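Input: a single structure, listed below in structure tokens.
Note on naming: letters A, B, ... go to the chains in the order of the sequence lines (proteins, then strands), and numbering restarts at 1 for each one. For clarity, every value in this text was computed on a predicted model and none was experimentally measured.
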Amino acid sequence: MQDEYQLDYFKENGFVRKTCPKCKTNFWTRDTDTEFCGDPPCVSYSFIGAPVFKKEYDISTMREAYLSFFEKNGHTRVDRYPVIARWRDDIYLTIASIADFQPFVTSGLVPPPANPLTISQPCIRLDDLDAVGRSGRHLTTFEMMAHHCFNSRGNEIYWKDRTVELCDNLLSSLGLDLNAVTYKEAPWAGGGNAGPSVEVLVGGLELATLVFMDLKQVKGGSIDIKGETYEKMDNYIVDTGYGLERFVWASRGSPTIYDAVFPKIVNELMDLAGIEHSIENPEYAKIFSQNARFAGVMDISGQANLLQLRKKVADTIGTTVEKLQKLMVPVESVYAITDHSRCLAFMLGDGIIPSNVKAGYLARLVLRRTLRLMKELDIREPLIEIIEMQIKNFPEYPEFRERLDTIREIVVLEDEKYADTIERGTKLVKKTALHFKDKKEKMPLGELIQLYDTHGIPPEITREVAKEAGVDVELPDTFYSLVAKKHSKAEEEEAEEMPLELPPTRKLYYEQTEQSEFEAKVLEVIENKIILDRTLFYPEGGGQPCDHGTLSMEDYIANVADVQNMNGVIVHETDSDFGFKKGDTVKGKIDWERRLAHMRHHTATHIVNESAKAVLGKHIWQTGAQKSTDRARLDLTHYKRITDDEFREIELLANRAVMKNQPVHIDWMDRVEAEKKYGFVLYQGGVPPGREIRILRVGSDVEACGGTHVSNTGLIGPIKLIKTERIQDGVERIEFSAGEAAVKRMQERDELLNKSSDALRVSPEHLPDTVNRFFNEWKEFKKENERLKAELAEVRVKAMMGDAVDINGLKVLSEKLPHADVEELIKVATEFSKNDDVVAILASESGGVKIVVAAGVRAQKMGVNAGAIVREMSKLVGGGGGGKPGIAQGGGTDVTMIDEALEKSAEMVRRVLK
RNA sequence: GGGCCUGUAGAUCAGGGGUAGAUCGUUGCGUUCGCAACGCAAAGGCCGCGGGUUCGAAUCCCGCCGGGUCCA
């Protein structure tokens, strides 16, 4: 790989290649006096207080300077992509500009939107969340300015030399002394690709990385990097990344990147937190400069390292760690809030709905972290106000302002939800703490993990609340990794692969949408799997189940049970393996009723999606869908439950769309063109592979879709929404039926209604009132019944008292009340046992044998145990029982033994009294 | 996608195979010129729904519905 960096451009422009004495890596520089590679920790920041460009820039002027520079140099400016990676199913957030063009552009399957191109792509990375605010340089959200160039063998636009030259020219156009730049060799590898790369370092700050991606990971490849083997690719890509915020920082030389990038918001938040943030004061600025310098050369992810950093800073400015801590922590929190609120503006602005799963979870994570920090600083301003401040600060993203109402509603709801969680949590912690206080123990770590993992209570809060209750808590630095350890990874299932060297099957189901029969040639037979040259059988995909039907020849007929698409080859799985041979011509027939039901449900899904968007808002995004013959379900992102009114409105709009009898348009389009024309809403149902994608338009709904559809919406028939379900926080599921299935649904409902009203002898419209009345009456009767039983018990006691037998001074009573239920027996028995010297033994035979025994206080003292008596009696009647010494219940199945059991009970009492 | 917790009176929660509880709130009575406070009493429960185990389930098991939460 060494040769990769011997660029003509370096040689022709007086660069020398040196080796850093500290880290031993090679770097290129114009300045022969430069000793070190320029990268921390070998050097530390020198740009703080000494800006490297000739003037100060802010975010938008710097972005514009960059993009227009590359425009002038033959690049086409491309609009940014969303921060939520809608076009990918392997990552949630856009983490780099190149992510916009993966996987199909980088693999060469799809041409880039322009070539070469330049872009400023907002990216979100949550890996170093803890360092944000503290290190002076970390951000969750940053814009990666980039120029990309997609080369292929025989069609090279530019490669390494030109890339470095452009970088040099850009820097010098900003007024940088080029002697200050070093290009450090740093081979890059990631995501299955690799290549040589240089880091662009100025003043100790990495301003950009220039990656020359030309390798792909191949098992047994000839190039070895970090233990993996690679091969050269046919297409090779210039992948650059220039940190917009870092450029701004370098142009200002402020103590932290936050003060450089959003001075206004930082100051406003400092005011709200009541912190005097006088960055012009040299003494004050020095603290944060020193902190950023030291933090620049170390990893501060752990608590121990943070302390070390504090110590270093404290030493240089001559103070104690405690004093420093007290000064810095609030300021660092403000920095973090500033960063996080910007992150939220992007996340929510681009349509992420907070949830407890997937990308929504990440949004909630950041949101709650921000709320926590605000609470610590006692900032009372609602979070939404701060996010609004950010949004107003970005006139270049008008789309955020359009969504402001939805964003406001979401943030307010989330704010409330978190407050609820914390309140619930605090109570729980108090209770738990008191439990351990009683035992005079520390609250163990396991309890802390449980509280966080199950109830979302941060350990810091647990510690604080527990402390107030006077209980110590054990909280190690490694807390969060301990939690992570509890969650084991799920193993990924490998997709079944068939080693097929066959041409893609001709998909008749796209061409002949009204046909149910076809003829085809058998290309291959593997056991019961048959591959044809063409087929009308739709394979499972896009939430639509496969077609069923038959394949037949003169003598044979086989049922098709499963159809799968394996990389364009359609495989028919039949229930028998006889007959068909390579080269045969077969007749195929699909089950049209089944197919038609699928088509109706599929087109209906698009319509329901469109209606839901119209009713609920633009933030609605499909996260999943499944169709079958009698129903379909559609999962949508939404931040609250769908109300009954909304539900009916969606149903109405969907049916109106049907009744308009709109045509369903299907076009195959070039992917780039389609994205340009319709945006990423196309990929709601998933991201299809390939350069050409199938675009389906119904009304205002446009989606990339590979399913089969009816030609006009009128053919769907009625759409009946069945229910909504919240499958996850932030995801609502709508279940519905279409066509004949919908009619059946409605008939079923009617029948339920009719049966219910028949049972009550009222008409359906009176059902709610009548049911209500019956229920209330039932409750009253139940109460009355209970009262009567209690009264009856009293009467019975008086009547039966005379039957009691005297045993050693105790009044023992054993009686059968044949029709009494357990409750009555208990009431009577308890009534008896209010007399200290009574033992009441009662039995009934309603629904088997029931036995209840109660003993008065004195009887118990003398050794009578109701539980023991019941146990013994119950055994006799073939059951079991038990209870407390004062009252016990039991029973069995053998009704014929009741009398014997009652007779023996007196003996039992006698026995214990001896 | 993978876990964990949870559903009991209007509210907050105990109980965790054997007669459904506490506190607050509500209502009534007492005390007071009146209120607050206090005292006494009452009303208020399909113990989320449906199955199973059991003589007996709010309690144990399974499924469903609802709520919460962590991780990838």
Should E791(A) and R787(A) count as an ion pair when the cut-off is N to O under 4.0 Å?
no
Please determine whether a side-chain nitrogen of the Lys or Arg among R372(A) and E376(A) lies less than 4.0 Å from a carboxylate oxygen of the Asp or Glu.
no
Any R733(A) side-chain N or O less than 4.0 Å from OP1/OP2 of C65(B)
no
Give me, pair by pair, the N or O atoms of the protein and of nucleotides 56-61 of chain B that are less than 3.5 Å apart, along with how far apart they are.
none

Could you tell me whether R641(A) contacts a base, only the sugar-phosphate backbone, or nothing, with contacts defined as non-hydrogen atoms closer than 4.0 Å?
sugar-phosphate
Of the listed nucleotides (G68(B), U19(B), C5(B)), which one gets closest to any side-chain atom of K884(A)?
U19(B)
Respond yes when some side-chain nitrogen or oxygen of R368(A) is under 4.0 Å from OP1 or OP2 of U69(B), and no when none is.
yes
Please determine whether the number of non-hydrogen atoms from other residues, nucleotides or ligands lying under 6.0 Å from atom NZ of K811(A) exceeds 12.
no
For a quick test of your reading: what N or O donor-acceptor pairs under 3.5 Å do the side chains of residues 418-428 of chain A make, sequence neighbours left out?
residue, atom, partner, partner atom, Å
T421(A), OG1, K417(A), O, 3.1
T426(A), OG1, I422(A), O, 2.6

Between C13(B) and G28(B) - P atom distance, rounded Å
29 Å
At less than 3.5 Å, do the side-chain atoms of N356(A) and the base atoms of U69(B) form a donor-acceptor pair?
yes
Using a heavy-atom cut-off of under 4.0 Å over every strand shown, decide if G891(A) touches base, sugar-phosphate, or nothing.
base
So what does T830(A) hit on the nucleic acid, given a heavy-atom distance under 4.0 Å: a base, only sugar-phosphate, or nothing?
base
Under 4.0 Å between any heavy atoms, over every strand shown, what does E725(A) touch: base, sugar-phosphate, or nothing? Just pick one.
sugar-phosphate
To the nearest Å, how far apart are I422(A) CD1 and C70(B) C1'?
14 Å
Taking only side-chain N and O atoms of R726(A), does any of them lie within less than 4.0 angstrom of OP1 or OP2 on G67(B)?
yes
Using Watson-Crick or G-U wobble geometry with both distances below 3.5 Å, tell me the partner of U12(B), or none.
A22(B)
Looking only at side-chain N and O atoms, does R364(A) come under 4.0 Å of OP1 or OP2 in C70(B)?
no
Can you tell which of E824(A), E831(A), E815(A) makes a salt bridge (Lys or Arg N to Asp or Glu O under 4.0 Å) with R796(A)?
E824(A)
May I ask you to say what K827(A) touches in the nucleic acid, namely base, sugar-phosphate or nothing, with a heavy-atom cut-off under 4.0 Å?
nothing
Between U19(B), C70(B), C5(B), which nucleotide gets closest to the side-chain atoms of H455(A)?
C5(B)
Rounded to whole angstrom, note down the P distance from A22(B) over to A43(B).
13 Å
Once you round it to whole Å, what is the distance between P of G68(B) and CD of Q450(A)?
18 Å
Determine whether the aromatic ring centres of residues F680(A) and W87(A) are separated by less than 6.0 angstrom.
yes
On RNA chain B, compare the nucleotides closest to G883(A) and Y418(A); which residue's is nearer the 5' end?
G883(A)
Any side-chain N or O of T421(A) less than 4.0 Å from the OP1 or OP2 oxygen of U69(B)?
yes
Would you tabulate the nitrogen or oxygen pairs shorter than 3.5 Å linking the protein to nucleotides 42-53 of chain B?
residue, atom, partner, partner atom, Å
G44(B), OP1, K783(A), NZ, 2.4

Nucleotide of C4(B), A72(B), C13(B) approaching Y92(A) most closely (side-chain heavy atoms)
A72(B)
Which atoms form the tightest heavy-atom contact between T94(A) and A99(A), and what is the distance?
CG2-CB, 4.3 Å
Using the C1' atom on both, measure G1(B) against A9(B) and round to a whole Å.
40 Å
Taking atom C1' of C5(B) as reference, at what distance in whole Å does atom CG of D729(A) sit?
15 Å
Expressed in angstrom and rounded to an integer, what is the separation of L126(A) atom CG from A72(B) atom P?
10 Å
In Watson-Crick or G-U wobble terms, both distances under 3.5 Å, what is the partner of G63(B)?
C49(B)
For the C1' atoms, the ones on G52(B) and on C40(B), what distance do you get once it is rounded to whole angstrom?
47 Å
Write down the distance separating the P atoms in G39(B) and C24(B), rounded off to the nearest Å.
9 Å
Over how many whole Å does the gap from Q728(A) atom CD to G2(B) atom P extend?
10 Å
So, D635(A) and T623(A): side-chain donor and acceptor under 3.5 Å apart, yes or no?
no
If the P atom of G68(B) is compared with that of U31(B), how far apart are they to the nearest Å?
50 Å
Integer-rounded Å distance: U19(B) P and D821(A) CG
14 Å
Under 6.0 Å between the ring centres of W778(A) and F775(A)?
yes
Taking the P atom in each of C60(B) and G16(B), what is the distance between them to the nearest angstrom?
10 Å
Hey, are E409(A) and K640(A) close enough for a salt bridge, meaning a charged N less than 4.0 Å from a carboxylate O?
yes
Complementary nucleotide of G17(B), counting Watson-Crick and G-U pairs under 3.5 Å
none
In whole Å, I'd like the distance from the CD atom of E423(A) to the C1' atom of C13(B).
13 Å
Would you indicate whether the side-chain heavy atoms of I91(A) and Q102(A) approach each other to under 4.5 Å?
no
Length of the line joining R424(A):CZ and G67(B):C1', which is rounded to integer Å:
8 Å
If pairing requires Watson-Crick or G-U wobble contacts with both distances under 3.5 Å, which nucleotide is the partner of A41(B)?
U27(B)
Only one of R641(A), R726(A), H638(A) clears side-chain hydrogen bond (donor to acceptor under 3.5 Å, both in side chains) with E732(A); which?
R641(A)
Go nucleotide by nucleotide along RNA chain B from the 5' end; which of S833(A) and L362(A) gets its closest nucleotide reached first?
S833(A)
Return yes when atom NZ of K816(A) has more than 12 non-hydrogen atoms of other residues, nucleotides or ligands closer than 6.0 Å, and no otherwise.
yes
When you compare C47(B) with U6(B), how far apart are their C1' atoms, in angstrom units rounded to a whole number?
14 Å
